[in-house]
Protein chains: 2
Amino acid sequence: MPTTSPTQTNGHLVQHAIAVDVVLFTIQDEILKVLLVKRQETPYRGSWALPGGIVSQEESVDAAALRELQEETNIGNIYLEQLYTFGEPNRDPRGRVITVAYYALVNWQQFQLKVRQRVSEASWFPVKRLPPLAFDHRRIVDYALERLRSKINYTTVGFQLLPRQFTLTELQSSYEVILGRRLDKRNFRRKMLQLGILKGTREFQANGRQRPARLYTFTKPKVITLQEKGIIVPF
Amino acid sequence: MPTTSPTQTNGHLVQHAIAVDVVLFTIQDEILKVLLVKRQETPYRGSWALPGGIVSQEESVDAAALRELQEETNIGNIYLEQLYTFGEPNRDPRGRVITVAYYALVNWQQFQLKVRQRVSEASWFPVKRLPPLAFDHRRIVDYALERLRSKINYTTVGFQLLPRQFTLTELQSSYEVILGRRLDKRNFRRKMLQLGILKGTREFQANGRQRPARLYTFTKPKVITLQEKGIIVPF
DNA sequence: TCAAAAGTGTTGTGTGTACACCCATGT
DNA sequence: ACATGGGTGTACACACAACACTTTTGA
């Protein structure tokens with residue numbers, strides 16, 4: 001910390017606690033779920049809350065979010081995007097805490113839950129059936145879901161919820177689960193394939209006693225924004 | 001301030017200075033401009049910077065942005081939207097300052113510049129010809145412009161740059177200035193009128209020696225998001 | 001042979017886009 | 001009368017949306 005106070009207003013040093021909170025989404029059994037942790041400390045002791053914590057002195061806010069996320073999961077390289085900053089003075093009964101909210105997407109298969117020592121419990125909840133949440137976390141989840149639903153229409157964030165190889169049916173299912181409505185199979189497939197971002201492999205997935213489905217991979221290294229005629233799901 | 005420290009990590013109280021910075025846009029003479037102030041204090045003394053300041057103890061972050069904005073202008077009720085939070089540890093050479101950036105839109109006609117005492121100078125600059133800016137403010141302006149260009153496509157934010165009554169040519173011009181490209185007059189007018197958010201008045205604006213243009217008003221009380229087929233300017 | 005999901009085309013409708021001329025006014 | 005910007009309609013291409021049947025496999 002610098003010896004001279006970095007910022008002043010009316011001669012008073014004004015500083016705030018900054019937190020990050022992460023809305024981590026996954027899809028399990030065709031249900032969109034959010035990771036919550038049970039609080040061990042007051043306030044809201046025993047309530048479910050978003051994983052998160054305080055931004056330390058030397059790290060960037062993004063780095064803090066990434067650190068919190070990796071303390072809850074074992075996976076590196078998770079898609080993480082800043083959502084909004086909530087700065088109402090009374091959102092935390094302990095005093096002023098400004099929180100920078102993020103959302104993140106992880107695919108269930110590669111996810112490994114790592115129980116943290118300072119967190120008694122962590123568990124996935126369907127977004128449609130959340131328990132009462134601490135602070136204003138319910139509002140943050142709602143906002144994250146709105147953002148996710150919006151961005152799935154014109155970017156490839158949705159692919160973050162799938163494993164490296166996936167069938168078109170799985171892909172469509174992930175879109176349906178996020179958007180909360182059914183999509184037409186033929187239209188969806190045609191649109192996806194003509195975007196030129198999928199590559200069909202020579203492998204198939206045998207799911208039971210029906211015809212095996214071709215596996216595809218995503219050809220782009222990361223999440224991209226689709227321009228011009230590249231909107232995935234029309235409004 | 002509570003007597004117990006609101007937040008702790010590893011036993012250390014961790015607090016940060018929080019600033020707000022506002023990218024205030026207007027359109028003057030068919031040029032998109034941004035309000036900048038000349039810094040009176042170190043660091044970057046004498047450089048141009050975004051209007052902004054420190055969030056005080058009791059106000060919300062949004063309220064701080066609104067306050068800064070109203071210190072620079074005389075207008076209440078300005079459209080203001082949170083943009084992004086920049087939290088790199090070294091973005092301010094004085095020490096750690098996290099900034100929550102906003103953008104705002106004001107129409108030039110009703111704007112009155114109020115010279116602040118603590119700011120020596122404030123001036124409008126075309127976004128295409130900005131001077132060197134303090135801190136990472138150039139990046140913030142770029143981000144704000146990107147957001148504005150994006151949101152003009154599916155919301156009615158663009159109307160905030162116009163007076164209460166305006167001609168369709170003025171409306172089209174504001175879109176062209178923001179998007180940086182010409183639009184087809186007939187297509188633009190048809191699309192705007194069929195959205196059902198404009199009401200033609202019986203007044204006309206005589207602009208010189210040509211046919212007077214009909215004045216329109218915006219029928220919605222505030223900025224709205226257009227859904228379904230309501231995209232203003234197609235991608 | 002049956003059940004279950006994979007996979008595949010066509011058609012109608014609506015929207016985006018390109019494009020050129022007359023109108024109303026002031027000088 | 002002329003210069004200036006205001007105001008209007010049509011035709012084509014393409015994307016979206018709706019819709020049903022055949023294929024492949026395991027049981």
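Within every chain, numbering begins at 1; the chains are lettered A, B, ... in the order of the sequence lines, protein sequences first and strands thereafter.
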### A:Glu203 and A:Arg214 ion-paired at < 4.0 Å
no

### Task
Give a yes/no on whether any side-chain N or O of B:Thr169 is located under 4.0 angstrom from OP1 or OP2 of D:dG6.
yes

## Note on the structure
With sugar-phosphate taken as primed atoms, P, OP1 and OP2 and all else as base, the protein-contact string of nucleotides 21-27 of chain D at under 4.0 Å (heavy atoms; B, S, -) is --BBBBS

### Task
Answer whether the closest heavy-atom distance between the side chains of B:Leu133 and B:Ile140 falls below 4.5 Å.
no

### Whole-Å distance separating the CG atom of B:Asn153 from the P atom of C:dG16
12 Å

### Query
Given atom CD of A:Gln172 and atom P of C:dG7, what is their separation to the nearest angstrom?
12 Å

### Query
Can you check whether A:Phe188 and A:Tyr175 have ring centres sitting under 6.0 Å from each other?
yes

### Heavy-atom side-chain proximity of B:Ile197 to B:Ile224 below 4.5 angstrom
yes

### Task
Could you tell me whether the side chain of A:Asn187 has a donor or acceptor atom within less than 3.5 Å of a complementary atom in the base of D:dA18?
yes

### Task
May I have the distance from B:Arg182 (atom CZ) to C:dA18 (atom P), rounded to whole angstrom?
14 Å

### Message
Taking the nucleotide of DNA chain D with the nearest heavy atom to each, does B:Leu215 or A:Asp184 sit closer to the 5' end?
### Response
B:Leu215

### Atom-to-atom span, CZ of B:Arg214 to C1' of C:dC23 - whole angstrom
14 Å

### Task
Using atom CG of A:Leu171 as one end and atom P of C:dA6 as the other, report the distance to the nearest whole Å.
12 Å

### Message
Over all strands shown, is A:Arg190 touching base, sugar-phosphate only, or nothing at heavy-atom distances under 4.0 angstrom?
### Response
base

### Query
Are A:Tyr44 and A:Phe135 an aromatic pair by the rule of ring centers under 6.0 Å?
yes

### Query
Between the side-chain atoms of B:Arg186 and the base atoms of C:dA20, is any donor-acceptor pair under 3.5 Å?
yes

### Partner of B:Tyr84 under ring pair (Phe, Tyr, Trp, His ring centres under 6.0 Å), chosen from B:Tyr143, B:Tyr103, B:Tyr102
B:Tyr143

### Query
Does a nitrogen or oxygen in the side chain of B:Lys191 sit under 4.0 Å from OP1 or OP2 of C:dG16?
yes

### Query
NA contact type, A:Arg189, heavy-atom cut-off 4.0 Å: base, sugar-phosphate, or nothing?
base

#### Entry: Whole-Å distance separating the CD atom of A:Glu176 from the P atom of C:dA5
14 Å

### Touch class at under 4.0 angstrom, heavy-atom based, for A:Thr167 against every strand present
nothing

### Task
Could you check how far CG of A:Leu183 sits from P of D:dA15, rounded to whole Å?
19 Å

### Message
What I want to check is whether the side chains of A:Thr85 and B:Thr85 have a donor and an acceptor closer together than 3.5 Å.
### Response
yes

### Summary
In whole angstroms, the gap separating P of D:dG5 from CD of B:Glu30 amounts to 10 Å

